[in-house]
*Asks:* 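Sending over a structure as structure tokens; questions will come in a sec.
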Amino acid sequence: MRTELAFSANDLAQTRFAVSPMWEVVTSLRALAHAPAPALHRRWAEQVRPRLAAAGLDCGRLAAMVPATGHLPDFLNPTPTGPSPALADELAAIGATAAEQVRTDLDHVAAEHGGRLPARLGPLYRDPAGQLPRVVAEIEAYWELALAPYWARIRAVLEADVFHRARQAVEHGTARVLDDLHETVRWDGGALRLEQRHCAVERIDAAEGLLLVPSAFARPRVLTRSLPPDPPQLAYPARGTAALWERRPGAGSDEHAGALAAVLGRSRARLLAELDSPASTTELARRTGLSAAGVSQHLTALRAAGLTSAHRAGHAVLYARTAVADALLDPARPTV
């Protein structure tokens with residue numbers, strides 16, 4: 001399907017960007033729905049799938065609502081109110097979704113399954129108000145297991161993309177930005193033409209403007225949300241995602257590694273290097289030969305210094321490097 005989104009001067013003036021946690025929830029779920037996962041995200045998927053299975057989230061409501069292809073429930077992507085909404089604000093909007101909208105979205109899900117709604121979504125269809133808090137809780141659990149440990153890395157890529165587009169707008173104008181989002185999106189003299197669409201994107205009864213949302217997981221296509229009276233949304237693949245899951249250097253050169261160890265201590269520098277992917281205290285102790293108590297003590301100090309973050313994964317806690325730690329370990333790597 002080909003669709004066209006007309007633009008007035010006001011629409012162009014009110015086109016804006018947002019980095020949305022919920023768009024990353026939905027697009028990452030879609031990536032996981034593929035078997036195998038897309039090559040771009042396979043390393044990430046191999047790490048998070050066992051955690052999701054252990055928590056039962058691989059066969060929960062979210063998994064049933066987000067297929068590998070086809071319609072995505074609009075209520076899972078409320079319109080961001082600012083350039084960088086907090087997950088809690090988006091979850092509050094989801095929890096307040098009108099029952100009619102939830103059922104409309106689930107009707108689309110049923111259509112993707114030959115007209116039959118998956119059984120695990122039946123309670124949500126019958127009682128949206130009573131079940132939406134459970135959906136919100138499931139999203140929170142998914143976030144902690146699948147995205148929170150990696151969020152500093154993901155957000156840096158998304159913010160870098162927005163910075164690039166903003167500079168592009170200053171140097172060449174908004175039309176250039178719209179024409180450069182994706183190979184299926186083209187600016188054509190007052191209208192945005194979108195190819196290979198699953199559904200139409202319309203301005204009828206919609207608010208002015210366009211919300212552009214960079215996504216680490218949207219590739220290979222753009223995704224849209226058109227739900228009046230909200231402005232249309234377009235989630236597009238962010239620049240730089242090809243390198244998102246590459247293994248990063250432990251601590252640069254030997255000279256740099258020695259200098260970092262002199263400041264942090266050899267054990268703490270080693271732990272930061274090991275956190276190229278999130279890990280638990282037990283796993284880090286096994287890898288480094290340090291005692292679990294010693295690892296815990298060092299991680300507490302690193303967290304207090306803003307170099308690591310902690311995220312609960314069931315009965316365990318996963319530790320991850322922050323963007324500040326990444327910069328310390330690899331000073332040559334560009335930052336936002």
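We count residues from 1, following the sequence as given.
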*Asks:* Is there a chain of hydrophobic side chains (I, L, V, M, F, W, Y, each step under 4.5 Å between heavy atoms) that links Leu318 to Leu87?
*Replies:*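 Different clusters.
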*Asks:* I'd like to know if Glu144 and Arg312 make a salt bridge, using a cut-off of under 4.0 Å between side-chain N and carboxylate O.
*Replies:*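 The answer is no: the pair does not qualify as a salt bridge.
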*Asks:* Decide whether Thr322 and Ser309 meet the rule of one side-chain donor and one side-chain acceptor closer than 3.5 Å.
*Replies:*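 Result is no, nothing qualifies.
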*Asks:* We want to know whether Asp107 and Thr104 form a side-chain donor-acceptor pair, criterion being a heavy-atom distance below 3.5 angstrom.
*Replies:*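 Distance-only check fails for Asp107 and Thr104.
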*Asks:* Mark yes when over 12 heavy atoms from residues, nucleotides or ligands other than Arg16 sit less than 6.0 Å from its CZ; otherwise mark no.
*Replies:*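 Atom CZ in Arg16 is packed in, count exceeds 12.
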*Asks:* Under 4.0 Å between a side-chain nitrogen and a carboxylate oxygen: does that hold for Glu46 and Arg42?
*Replies:*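 No.
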*Asks:* Is Arg134 salt-bridged to Asp127, going by a charged N under 4.0 Å from an acidic O?
*Replies:*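 Asp127 and Arg134: not salt-bridged.
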*Asks:* Any chance you could lay out the side chain to side chain donor-acceptor pair (under 3.5 Å) test for Ser28 and Tyr142, step after step, and finish with the verdict?
*Replies:* CA-CA 10 Å; Ser28 65; Tyr142 176 84; 2.7 Å; yes
*Asks:* Are side-chain N/O atoms of Ser20 and Glu90 paired as donor and acceptor at under 3.5 Å?
*Replies:*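 Present: a donor and an acceptor within the cut-off.
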*Asks:* Taking NZ, NE, NH1 and NH2 as the nitrogens, is one of them in Asp179 or Arg193 under 4.0 Å from a carboxylate oxygen of the other?
*Replies:*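 Between Arg193 and Asp179 there is no salt bridge, as every charged N stays at least 4.0 Å from the carboxylate O atoms.
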*Asks:* Could you check whether Ser215 and Glu24, counting side-chain N and O atoms only, form a donor-acceptor pair closer than 3.5 Å?
*Replies:*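 There is such a pair (donor and acceptor under 3.5 Å, judged by atom type) between the side chains of Glu24 and Ser215.
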*Asks:* Taking Asp161 first and then Arg165, would you say they form a salt bridge - that is, a charged N and a carboxylate O separated by under 4.0 Å?
*Replies:*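 Yes, this pair counts.
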*Asks:* Counting the benzene-type ring for Trp, do Phe217 and Trp44 have ring centres under 6.0 Å apart?
*Replies:*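 Here the rings of Trp44 and Phe217 have centres that are less than 6.0 Å from each other.
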*Asks:* Around atom CZ of Arg120, are there more than 12 heavy atoms from other residues, nucleotides or ligands closer than 6.0 Å?
*Replies:*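 Enclosed.
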*Asks:* Answer with yes or no whether the side chains of His298 and Ser296 bring together a donor and an acceptor at under 3.5 Å.
*Replies:*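 The criterion, which ignores hydrogens and geometry beyond distance, is not satisfied for His298 and Ser296.
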